[in-house]
Amino acid sequence: MEKVWSNEYMEGFQFGGFSSIDNGFYLTEHDAPTPKEKEIIEDIPFMQGVYDFSFLLGERVFSNRKITFELVRPLEPYEVRKQVQAEMKNALMIKGVGRLEDTYLKELNAYWSGKCESVTFSDSESHWTLKATVVFECYPFALKNSDGYSDKFDDEYFTDGVDQWTGFYIQNYKNVLLINDGINAVSPQIEADSNMTIKFNDEFIEVKKGKNKDLFFKLQKGENRFSIYGNGHISFYIETEVMY
């Protein structure tokens with residue numbers, strides 16, 4: 001029985017300006033297996049069992065993962081199918097690491113970060129159908145935009161309205177609360193309109209005017225309370241990690 005295509009099949013991806021849906025492809029299979037853990041296991045002679053150092057930093061560490069899309073573009077003449085193959089390969093393979101929008105992550109407001117590893121085709125002249133298999137190598141976690149949940153015991157806070165930035169107006173100092181709702185510690189991007197200082201876990205972190213990214217300033221999973229010293233506006237952009 002011939003398959004009838006409808007809107008219920010409109011799943012796919014967008015990467016590097018290429019949209020599988022806008023280019024007439026229907027998603028037939030989607031594969032996103034969990035990533036492989038980077039295990040560090042030592043078998044010590046004359047001792048029972050083994051030592052597993054994989055969780056030494058308090059978090060499991062994973063390798064990159066493969067995200068595979070199998071797609072079909074039906075009812076197209078040969079010349080169109082040939083042209084589509086060339087355009088798709090150029091659009092996906094030339095670009096390096098970038099943002100991979102996957103409709104399977106739409107409800108999570110998340111995306112993958114990675115690069116296209118391969119694009120292969122199967123062309124059927126008898127059915128006028130082009131099948132494509134696209135494989136991406138991606139960061140092990142999906143990345144999710146988060147508003148960080150600003151401090152409620154101090155009313156002078158603001159957001160930019162898109163649930164990505166959480167900001168504060170500082171006069172001398174302010175105690176704040178940010179919540180990381182992901183599963184791993186993350187380093188937020190910080191933007192300030194003057195030099196400021198953050199006191200976090202009894203350590204002082206200098207924030208320069210403009211955009212900042214300090215990999216030693218990490219928001220742990222859950223609540224993070226700290227103090228900010230200075231004068232002006234400061235904003236935090238938090239990109240949390242989720243395992244999908």
Side-chain angles (χ1 to χ4, degrees), residues 1-38 62-147 160-164 182-183 189 237-244:
M1 180 177 179
E2 184 178 355
K3 181 179 289 186
V4 178
W5 300 100
S6 65
N7 288 335
E8 68 177 297
Y9 293 99
M10 299 307 286
E11 299 274 7
F13 69 87
Q14 182 170 320
F15 180 78
F18 178 88
S19 167
S20 63
I21 295 175
D22 291 347
N23 280 273
F25 282 95
Y26 295 90
L27 182 68
T28 56
E29 289 191 34
H30 179 279
D31 187 29
T34 53
K36 184 179 180 180
E37 183 179 8
K38 294 182 178 180
F62 298 91
S63 300
N64 277 2
R65 68 197 299 177
K66 307 289 186 182
I67 311 296
T68 304
F69 300 87
E70 292 196 8
L71 311 148
V72 62
R73 179 166 169 159
L75 306 178
E76 295 285 9
Y78 173 72
E79 290 300 323
V80 173
R81 300 196 306 271
K82 185 170 65 173
Q83 180 180 351
V84 168
Q85 292 185 47
E87 292 176 350
M88 192 171 179
K89 285 181 178 179
N90 280 311
L92 299 178
M93 296 302 298
I94 297 302
K95 183 175 175 58
V97 174
R99 182 175 177 133
L100 171 61
E101 301 283 355
D102 183 347
T103 57
Y104 273 57
L105 298 179
K106 185 176 181 180
E107 297 301 321
L108 294 177
N109 189 28
Y111 64 94
W112 306 110
S113 177
K115 64 180 180 180
C116 187
E117 181 180 274
S118 65
V119 184
T120 56
F121 296 95
S122 174
D123 187 280
S124 174
E125 176 62 30
S126 60
H127 293 89
W128 283 24
T129 299
L130 179 65
K131 295 181 180 179
T133 300
V134 184
V135 181
F136 291 89
E137 180 182 339
C138 295
Y139 184 70
F141 296 93
L143 301 175
K144 178 182 178 183
N145 295 326
S146 171
D147 63 2
D160 72 350
V162 295
D163 292 333
Q164 294 180 348
I183 63 175
Q189 180 179 322
Y237 177 74
I238 305 170
E239 212 168 39
T240 57
E241 299 178 349
V242 293
M243 178 62 75
Y244 173 80

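Sequence positions, counted from 1, serve as the residue numbers for this chain. Note that the structure is predicted; figures quoted are calculated from it, not measured.
- In this structure the side chain of Trp112 reaches within 4.5 angstrom of the side chain of Tyr244, judged on heavy atoms.
- Closest non-hydrogen pair, Phe18 versus Ala91, comes out as CB-CB, 3.9 Å.
- Other residues, nucleotides and ligands place more than 12 heavy atoms under 6.0 Å from the CD atom of Glu125.
- The ring-ring contact (aromatic ring centres under 6.0 Å, His included) analysis of residues 70-102, with sequence neighbours excluded, yields no pairs.
- With sequence neighbours left out, the side-chain hydrogen bond (donor to acceptor under 3.5 Å, both in side chains) criterion links Lys36 to no other residue.
- Between Leu71 and Met88 the shortest side-chain heavy-atom distance falls below 4.5 Å.
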* To do: Starting from the C-alpha separation in whole Å, work towards a yes-or-no answer on side-chain contact (heavy atoms from CB on, under 4.5 Å) for Tyr26 and Met10.
  => CA-CA 6 Å; Tyr26 295 90; Met10 299 307 286; 3.5 Å; yes
* When you look at Thr28 and Lys131, which way does the side-chain contact (heavy atoms from CB on, under 4.5 Å) test go after all the steps? -> CA-CA 10 Å; Thr28 56; Lys131 295 181 180 179; over 6 Å; no
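- Annotation for Thr129 and Leu75: closest pair OG1-N, 4.3 Å, computed over non-hydrogen atoms.
- The number of heavy atoms from other shown groups lying within 6.0 Å of NZ (Lys115) does not exceed 12.
- In this view, Glu70 satisfies the side-chain hydrogen bond (donor to acceptor under 3.5 Å, both in side chains) rule with no residue, not counting sequence neighbours.
- In this structure a side-chain-to-backbone donor-acceptor pair under 3.5 Å is missing from Ser19 to Gln14.
- Of all heavy-atom pairs spanning Leu100 and Tyr111, the tightest one is O-CB, 3.5 Å.
- Across Val134 and Cys116, no two heavy atoms sit closer than the pair CG1-SG, 3.8 Å.
- Taking Glu76 as the reference, Arg73 meet the salt bridge (charged side-chain N to carboxylate O under 4.0 Å, His left out) condition, with sequence neighbours excluded.
- Of all the heavy atoms in Pro74 and Gly24, the pair that sits closest is CD-O, 4.3 Å.
- Across all non-hydrogen atoms, the minimal contact from Pro35 to Asn64 is CB-O, 4.4 Å.
- Contact check for Glu241 versus Lys144: no side-chain heavy atoms found under the 4.5 Å cut-off.
- A distance of 12.0 Å separates CD in Gln85 from CG in Asn90, rounded to the nearest 0.5 Å.
- For the pair Tyr104/Ile67, no side-chain contact is recorded, criterion being any heavy-atom separation below 4.5 Å from C-beta on.
- With rounding to the nearest 0.5 Å, the separation of CD in Glu117 from CE in Met93 is 8.0 Å.
- Applying the side-chain hydrogen bond (donor to acceptor under 3.5 Å, both in side chains) rule to Glu101 yields the partners Arg99; only residues at least two apart in sequence or on another chain are considered.
- Rounding to the nearest 0.5 Å places CG of Asp102 at 3.5 Å from NE2 of His30.
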* To do: Please assess Arg81 against Phe121 for the test side-chain contact (heavy atoms from CB on, under 4.5 Å), listing each intermediate value before the final yes or no.
  => CA-CA 10 Å; Arg81 300 196 306 271; Phe121 296 95; over 6 Å; no
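- Phe69 has its side chain out of reach of Glu11: every pair of non-hydrogen atoms, C-beta onward, lies at least 4.5 Å apart.
- The side-chain hydrogen bond (donor to acceptor under 3.5 Å, both in side chains) test applied to Asn23 returns no partner, not counting sequence neighbours.
- Note: Phe13 and Phe136 meet the aromatic proximity criterion, with ring centroids under 6.0 Å apart.
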